[in-house]
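Okay, so here's the structure we're looking at.
These values consider heavy atoms only, across backbone and side chains, with no hydrogens, waters or symmetry-generated copies. Both ligands and their constituent atoms are indexed starting at 1 by order of listing.
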Amino acid sequence: MNTHIEKINYKKPEIEKIRLAAELIKTGELVAFPTETVYGLGANAMDENAVKKIFIAKGRPQDNPLIVHISNIKQITELVRTVPLEAKKLIRKFWPGPLTIILKKSKIVPNIVTAGLNSVAIRMPKNKIALKIIKESGCPIAAPSANSSGKPSPTSAKHVYEDLVTKIPLIIDGGETEIGIESTVIDLTTKIPRILRPGKITEEEIQKIIKITKKSYRCKKTKSPGTKYKHYSPEAKIIVVNKKINLKKIKEQYEKDGKVKIILEKESTKNTAKNLFKEFRKADKEKVKTIIIRGLKKEGLGTAIMNRLEKASTRIIN
Ligand code: TXA
Ligand code: MG
């Protein structure tokens with residue numbers, strides 16, 4: 001299959017390009033498009049065959065459920081059994097935006113989307129291009145991150161192309177994504193809501209709106225199926241250094257194994273999130289054997305970054 005990249009104006013998305021994407025979605029094809037977090041690989045969430053293609057293109061295990069993206073808050077009502085008060089409060093505060101909410105699913109959501117679970121993950125993204133594609137398609141769009149399974153999430157159209165060329169017909173190129181790490185995922189199906197995946201919207205911010213189980217994603221037992229897979233990993237080994245020591249010292253220790261690279265030293269937390277996955281991919285291209293990165297304080301966005309780093313790391317120096 002020929003993979004076409006269509007550049008689109010980020011601020012004023014051209015309607016004909018939105019339509020090009022929407023037409024493919026409507027006919028059961030896949031389209032990769034930017035969201036404010038990472039690029040997503042979308043299909044009509046109501047079309048089982050279309051959703052199947054997502055799993056094939058990514059090489060994604062069938063037991064890992066997808067997030068359903070909507071463009072209008074009203075769309076949620078048909079996808080879930082009920083919208084509890086807590087969900088309403090979170091939606092009012094954080095949608096559109098990088099928060100995914102898990103609720104009990106309605107019958108119309110195909111089992112392939114939820115990997116057979118009786119819950120469904122829903123998000124209304126903030127990115128204009130994403131919103132317009134969903135709206136123009138006229139259906140909710142199931143979309144995981146648009147990487148091959150096991151690779152870091154894509155933050156540019158180039159990353160998507162590297163992973164999915166010949167496997168999908170269209171990539172909508174809206175430039176680099178703003179946030180750079182995936183959405184916060186919160187489970188509202190349990191008595192006390194839990195964060196399953198930390199993200200840009202932090203535990204601290206959510207706690208101001210509703211009561212949640214604290215630091216739950218640090219539990220060993222995972223409820224989010226996706227979190228059990230090896231994730232976000234470049235080929236290179238990742239060494240996270242929390243200890244107050246010069247990173248050059250650590251670098252020297254690893255040089256006997258091959259090329260070593262210190263990444264994102266002295267970057268702000270925001271820029272670290274934005275560029276982390278790009279740096280991982282870059283290091284692989286440069287045949288780096290060991291990546292060294294300074295650990296961040298686990299607060300705010302730092303929590304989400306450390307969650308990704310700890311998963312990808314082979315060693316943490318404390
Ligand atoms: O920012 C994001 O969330 C991006 C953009 C494209 O929206 N999407 C994304 O999707 O990161 P994905 O599939 O790469 O990650 C979704 C995570 C997975 O860990 C999955 O297991 C979890 O959400 N998930 C989805 N549905 C779930 C459910 N019903 N119960 C528990 N976890 C669920
Ligand atoms: Mg993913």
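One distance of note links NZ of Lys251 with CD1 of Ile292; it measures 7.5 Å at 0.5 Å rounding.
Between Lys208 and Glu204 there is no salt bridge, since none of the side-chain N atoms of the basic residue sits less than 4.0 Å from a carboxylate O of the acidic one. A salt bridge does not link Glu136 with Lys26: none of the charged nitrogens is closer than 4.0 Å to a carboxylate oxygen.
Within a 6.0 Å sphere centred on NZ of Lys261, heavy atoms belonging to other residues, nucleotides or ligands number more than 12.
Contact atoms of ligand 1 toward Val38: 4 (C) (distance under 4.0 Å to a heavy atom of the residue). Shown in contact with Thr37 at under 4.0 Å from a heavy atom are these atoms of ligand 1, numbered in order with element: 1 (O), 2 (C), 4 (C), 5 (C). Which parts of ligand 1 touch Arg60 is read off a 4.0 Å heavy-atom cut-off, strictly below it: atoms 13 (O), 14 (O). Per-residue contacts place Ile67 under 4.0 angstrom from the following atoms of ligand 1 (heavy atoms of the residue considered): 3 (O), 8 (N), 9 (C), 10 (O), 16 (C). Using a 4.0 Å cut-off to heavy atoms of Glu182, the atoms of ligand 1 that qualify are 1 (O), 2 (C), 11 (O).
A side chain to side chain donor-acceptor pair (under 3.5 Å) with Thr37 is found for exactly one of Glu178, Lys200, Arg123, namely Arg123. Between Val31 and the options Ile168, Leu170, Ile141, a side chain to side chain contact (heavy atoms under 4.5 Å, CB included) holds for only Leu170.
Taking only nitrogen or oxygen atoms, main chain and side chain alike, Arg123 reaches within less than 3.5 Å of ligand 1. Here's the thing with Ser145: one of its N/O atoms is less than 3.5 angstrom from an N/O atom of ligand 1.
For Asn242 and Asn318, the side-chain atoms include at least one donor-acceptor pair closer than 3.5 Å.
Heavy atoms of His69 come nearer than 4.0 angstrom to ligand 1 in at least one pair. Ligand 1 has at least one atom lying under 4.0 Å from a heavy atom of Ser119. Put simply, part of Leu117 is less than 4.0 Å from ligand 1, judged by heavy atoms.
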### Query
Stepwise, does the salt bridge (charged side-chain N to carboxylate O under 4.0 Å, His left out) test hold for Glu6 with Lys17?
CA-CA 7 Å; Glu6 187 68 45; Lys17 296 182 181 178; 3.6 Å; yes
### Query
Which is it for Lys104 and Asn118 under the side-chain hydrogen bond (donor to acceptor under 3.5 Å, both in side chains) test, yes or no, and what are the steps along the way?
CA-CA 6 Å; Lys104 297 221 169 83; Asn118 59 13; over 6 Å; no
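Looking at Asn64 against ligand 1, only its side chain comes within 4.0 Å, counting heavy atoms. Proximity of Arg197 to ligand 1, defined as any heavy-atom pair under 4.0 Å, is confined to the side chain (atoms from C-beta onward).
In summary, Ser145 places an N/O/S atom under 2.8 Å from the Mg ion (ligand 2), meeting the contact criterion.
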